[in-house]
Amino acid sequence: MKRRTLIVSSLGAATGAGIAIASHYQNQQQQQQPPFSQERQKEHGIARFAVTEKTSLRERAASQGLIYGAAASYQPLRANLEFAQRFAQECAILVPTNELKWQILRPTPDQFDFRRSDWMARFAQKHNMLFRGHTLVWYQALPQWFKETVNRKNAERILTDHITTVVKHYAGNMHSWDVVNEAIAPNGSKDGLRQTPWLRFLGADYIEMAFRTAAAADPQALLVYNDNNLEYDNPKTEAKRSRVLKLLERLKSKRVPIHALGIQSHIGASSQGFNAKKLRSFLKEVASLGLKIFITEMDVLEKNLLELENRDAIIAGVYQDYLSLVLDEPAVNTVITWGLSDRYTWAANFAPRQDGAPVRPLPLDTQLERKLAWNAIALAFDQAPPR
Ligand code: XIL
């Protein structure tokens with residue numbers, strides 16, 4: 001009974017706030033750019049975020065042939081039973097936020113500590129969820145000992161040992177692995193690769209080495225190249241998209257075992273909107289290489305958003321605009337948010353609001369109730385062309 005009242009009132013809020021927001025968001029779009037949001041606006045009018053059933057995101061996604069899930073950390077999943085239940089209800093895939101990064105898995109050069117990630121893998125299995133690995137090769141989240149220990153001479157052995165051990169540990173139980181994360185430079189640098197210890201020690205081939213090693217350790221897991229800042233319409237982002245595309249083309253032409261591109265999708269709530277044409281054609285080109293596309297870390301960040309009162313609807317608007325755009329591409333078959341509830345979000349520390357108000361980037365609020373962002377995601381799934 002309580003649940004029903006809550007959902008009905010949240011629908012009321014959705015419709016009411018929709019009016020204010022529709023015009024706020026539209027104004028923003030008119031001043032700044034593209035026609036996309038305005039089209040959507042007309043299409044859905046003020047009922048933009050109204051959803052009529054309680055069906056979970058997991059089920060809504062599944063009925064269109066999509067997978068929806070989220071990242072979570074060991075601690076809250078273990079300690080907060082209500083959160084764990086809500087997670088299992090909404091999500092068909094679980095990604096450990098940090099537990100499979102070197103920093104946590106590798107306390108010393110000779111040790112692997114799988115305790116937390118194993119618990120999470122069991123949790124996923126118990127709740128009939130897929131399990132996804134993030135990430136084998138990254139320039140961040142490296143342990144203290146890395147700097148003193150890894151050098152040109154031993155880097156290849158250390159990297160391939162790490163990948164082989166970790167991937168074998170979960171072989172047969174892993175939906176997909178982010179094999180390499182954020183290897184393309186945000187700007188500058190000649191060959192487009194980010195300056196990382198791996199590039200310095202091993203040269204550009206470390207990327208294909210990582211994929212080949214992962215494939216040998218688990219021939220079943222889907223192997224993903226994952227990156228950020230690919231979504232917007234500006235020259236820097238466009239350059240990055242074309243570099244990522246070149247990397248993927250190069251890997252495919254060398255028959256490197258790679259199956260998908262992960263687009264992180266940490267989107268600014270005050271972003272200037274997307275260029276539907278450019279983004280679609282990027283997705284098409286990726287798909288034409290025979291790759292799937294996963295939205296891997298979506299959330300909507302408020303660090304540059306001044307608006308406070310209507311932000312839930314603004315954030316929901318960004319979810320709907322972005323997801324409806326990317327879901328038009330049939331190769332996009334997985335959507336993951338970087339967290340499920342505003343109670344546990346990296347954005348609180350990494351992308352706080354300027355006015356210090358708690359951020360609200362995710363589908364559920366801090367009380368684990370569905371909010372407008374949830375409605376927007378639900379709608380985007382309902383309206384997605386079935387896979
Ligand atoms: C973040 C986690 O959410 C934080 O808890 C951690 O302190 C830093 O890393 N891109 C990625 C993720 O690929 O691994 C990052 O996760 C967020 C940005």
Side-chain angles (χ1 to χ4, degrees), residues 69-80 83 87 91 93-107 116-117 120 131-144 146 162-163 166 174-186 193-194 196-198 207 210-211 214 222-232 237 240 244 247 258 260-269 271 293-304 322 334-352 358-364 366:
S73 298
Y74 165 81
Q75 189 54 34
L77 268 189
R78 236 208 119 141
N80 183 339
F83 175 66
F87 199 95
C91 297
I93 188 165
L94 164 65
V95 190
T97 312
N98 294 311
E99 289 74 3
L100 287 165
K101 293 174 181 170
W102 285 58
Q103 215 171 41
I104 293 192
L105 269 188
R106 306 296 307 275
R116 291 175 169 222
S117 48
M120 296 179 85
F131 193 52
R132 169 169 157 71
H134 173 79
T135 171
L136 297 166
V137 188
W138 195 24
Y139 70 100
Q140 286 187 38
L142 294 168
Q144 277 295 334
F146 188 91
H162 178 86
I163 294 174
V166 176
M174 200 49 110
H175 167 267
S176 54
W177 268 109
D178 284 336
V179 179
V180 178
N181 193 31
E182 300 178 358
I184 297 292
L193 291 181
R194 189 191 284 273
T196 72
W198 301 117
I207 298 177
F211 277 93
L222 298 171
L223 304 183
V224 183
Y225 173 73
N226 194 49
D227 214 330
N228 60 11
N229 290 330
L230 295 169
E231 305 85 8
Y232 298 130
T237 309
K240 184 149 181 190
V244 166
L247 170 68
I258 174 171
L261 168 68
I263 302 181
Q264 289 187 9
S265 314
H266 298 287
I267 311 281
S271 76
I293 300 164
F294 302 164
I295 303 304
T296 50
E297 305 184 12
M298 188 164 185
D299 51 14
V300 179
L301 306 176
E302 291 165 74
K303 61 181 178 216
N304 296 317
Y322 183 70
T334 302
V335 174
I336 293 162
T337 49
W338 205 238
L340 179 66
S341 152
D342 296 339
R343 188 162 189 156
Y344 310 111
T345 165
W346 77 308
N349 296 323
F350 285 83
V359 294
R360 297 173 62 84
L362 292 167
L364 305 186
T366 53

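First listed ligand is number 1; within each ligand, the first listed atom is number 1.
Looking at ligand 1, you won't find any N or O of T97 less than 3.5 Å from one of its N or O atoms. For the pair H134 and ligand 1, the shortest N or O to N or O distance falls below 3.5 Å. Residue K101 has at least one nitrogen or oxygen atom sitting less than 3.5 Å from a nitrogen or oxygen atom of ligand 1, judged on distance alone.
Taking every heavy atom of W138 and a limit of under 4.0 angstrom, the matching atoms of ligand 1 come to 14 (O). Contact atoms of ligand 1 toward E182: 10 (N), 13 (O) (distance under 4.0 Å to a heavy atom of the residue).
Of all protein heavy atoms, the one lying nearest to atom 11 (C) of ligand 1 is E297 OE1, 3.1 Å. When only non-hydrogen protein atoms are considered, atom 8 (C) of ligand 1 lies nearest to F350 CZ, 3.9 Å. At the shortest separation from atom 6 (C) of ligand 1 among protein heavy atoms lies N98 OD1, 3.5 Å. Protein heavy atom closest to atom 3 (O) of ligand 1, with residue, atom name and distance, is W338 NE1, 3.0 Å.
Neither the backbone nor the side chain of Q140 has any atom closer than 4.0 Å to an atom of ligand 1 (non-hydrogen atoms only). Neither the backbone nor the side chain of D178 comes within contact range of ligand 1; no heavy atom lies under 4.0 Å.
For the residue pair Y322 and S265, a side-chain donor N or O sits within less than 3.5 Å of a side-chain acceptor on the partner.
Shortest non-hydrogen contact noted between F83 and S341 is CE1-CB, 4.1 Å.
For the side chain to side chain contact (heavy atoms under 4.5 Å, CB included) criterion with W177, the lone passing option out of V137, L222, V166, V224 is V166. Checked options L100, N181, V95; the residue passing with T135 is N181 (criterion: side chain to side chain contact (heavy atoms under 4.5 Å, CB included)).
Taking the six-membered ring where tryptophan is involved, the planes of W102 and W198 are tilted, since the angle between them lies from 30° to 60°. Ring geometry, H134 versus W138: the interplanar angle falls from 30° to 60°, so the pair is classed tilted.
Remark: Q140 CD is packed, more than 12 non-hydrogen atoms of other residues, nucleotides or ligands lying under 6.0 Å away.
Residues F294 and H175 bring their aromatic ring centres within 6.0 Å.
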